[in-house]
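Chain naming here is simple, since letters A, B, ... match the order of the sequence lines and numbering starts at 1 in each.
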Amino acid sequence: MNLALQQNLFDFEPEKTVGETLHFKFLELFVVCKVIQYTWEWGFYILRLRDVVLPIGLARYIDVSIMLGNPMPLVSAALITVICSLAFFRLGSKWFYLAALILLHLQYVTRFSSGGIQHSSNFVGMSLMGFAVGVAFFSVPKEQMRFIWGFIFFFIGLAYTSSALCKIIGSGVTWVDGRHLWLWIAEKGADHLSKTGQFEMNWLQRVVFTNLHIATLFLLLGWLTEFFGFLFWWKKMRPFIAIGALCLHFGIYFSMNIYFSSFIYQLLIIGFPWAILLDRKLPSGKQTPTLKKWLEVKSEI
Amino acid sequence: MLQILLVATHLGEFWPFSIYPMFSKGGRTWTRALVRDVEAVSDSLAWQSVSLNQLKGSPVALPDYGLDQVDYANFVYKTRNWDDMRIQGLRDLFKEENLRNKKWLAMIVRGYLNDADSVVALATPLFILTGDSTFKNPNLPEAAYYNLTVK
């Protein structure tokens, strides 16, 4: 069982293919782009903060108020942008992704020191951590790639199951009571009102508000989807769990106006066997010399 | 192991590690916040607590002013003591230049299930912010601003 799971997550044996390498670099490009996007968004937002209300993460040990009231967040954002770009092309130090992770953590804890946190960047953060560890500790490209895939699969599967367990611990089996969904819809409606100046229920919200059983079923399905998130660790189950998680996120979007765009894009990238499709569409005989050369260069780290 | 150690010692959150506890407590009363432009509303009307479908004045969409609505809500409802520094912090969130020539009403919104299993969302005014002043709601006892539990 353990061996089978290990092979599903970290299968170092099979030879890597062109499709897998392309798939992997596309994931890496996505992660780097999102990291750069977050660091600048947070950097500009930090400029308007005046004090640290609730220190979180490393901010409990380091006084991040030194980031406030000066352009340091933008300097940090520029630094993260440069080192992530270099790391993507495997230029410079193998520790670049780790440095970017630490700097981005500091940006995050400063940005969210105003009292509330958001989880929308967590998958990208975990993926950056996967790249940080993989690039730093695995010198063979194939092993590096397989480790990073496994690392990301493991923590994304764990995230959904962990969330389901939190709900059971926090509320017990009555968590699925549809009235709880009514309260959350109203709560997020207030946020939407604050965001856009208006709030009108959509058809799905009206349906769950008028029928307690449907609201309860809605929560039950959501909880089951989260609970079985750990099945993402198994190759054959991955596309089905990804589809379930995507449905969950769209359900959350239509019922509570919360759009986890990063989660959705990342699930689309990692949840499906795109590498097999690419290998079928791009047989080795049809690879252009430029592509072959590029992939070889990428392999020589 | 590192994840377990970090989340266990940091209330479940050590970015990017998390136990993902969002929406884990069902049925709880919630508190949010919003802003209305009450330029054309008399003060006596503006200070009244109302349900969300009876709000006075015109809406203020916070992202239009570079402010995240969740941050704003967190800042308002997690503040227990509205001392001068916190009030200035609130003005800084809006940015002074955005408040120039404005009359904005900062409200705290509380949602709960009533005895008839209906969701009630009640908005209570906290401050009127103008270009040069901040006024507290005269209908709230002064003590409410120093141990804020709006009901």
In terms of heavy-atom proximity below 4.5 Å to chain A, should [X] be classed as side chain, backbone, both, or neither?
{"X": "B/T9", "result": "backbone"}
{"X": "B/V119", "result": "side chain"}
{"X": "B/A123", "result": "neither"}
{"X": "B/D68", "result": "both"}
{"X": "B/Y72", "result": "side chain"}
{"X": "B/M85", "result": "side chain"}

Checking heavy atoms, do the side chain of [X], its backbone, both or neither come under 4.5 Å from chain B?
{"X": "A/Q118", "answer": "side chain"}
{"X": "A/L106", "answer": "neither"}
{"X": "A/L104", "answer": "both"}
{"X": "A/F155", "answer": "side chain"}
{"X": "A/F44", "answer": "neither"}
{"X": "A/W182", "answer": "both"}
{"X": "A/N122", "answer": "both"}

**Prompt:** Does some side-chain heavy atom of B/V50 sit less than 4.5 Å from a side-chain heavy atom of B/L55?
**Reply:** yes
**Prompt:** Do we get B/R86 above B/Y145's six-membered ring, with its NZ or CZ under 6.0 Å from the centre and within 45° of the axis?
**Reply:** no
**Asked** Which members of residues 34-42 of chain A, sorted by number, sit under 4.5 angstrom from chain B on a heavy-atom basis?
**Response** A/W42
**Cationic N near anionic O, under 4.0 Å, B/D117 to A/R179** = yes
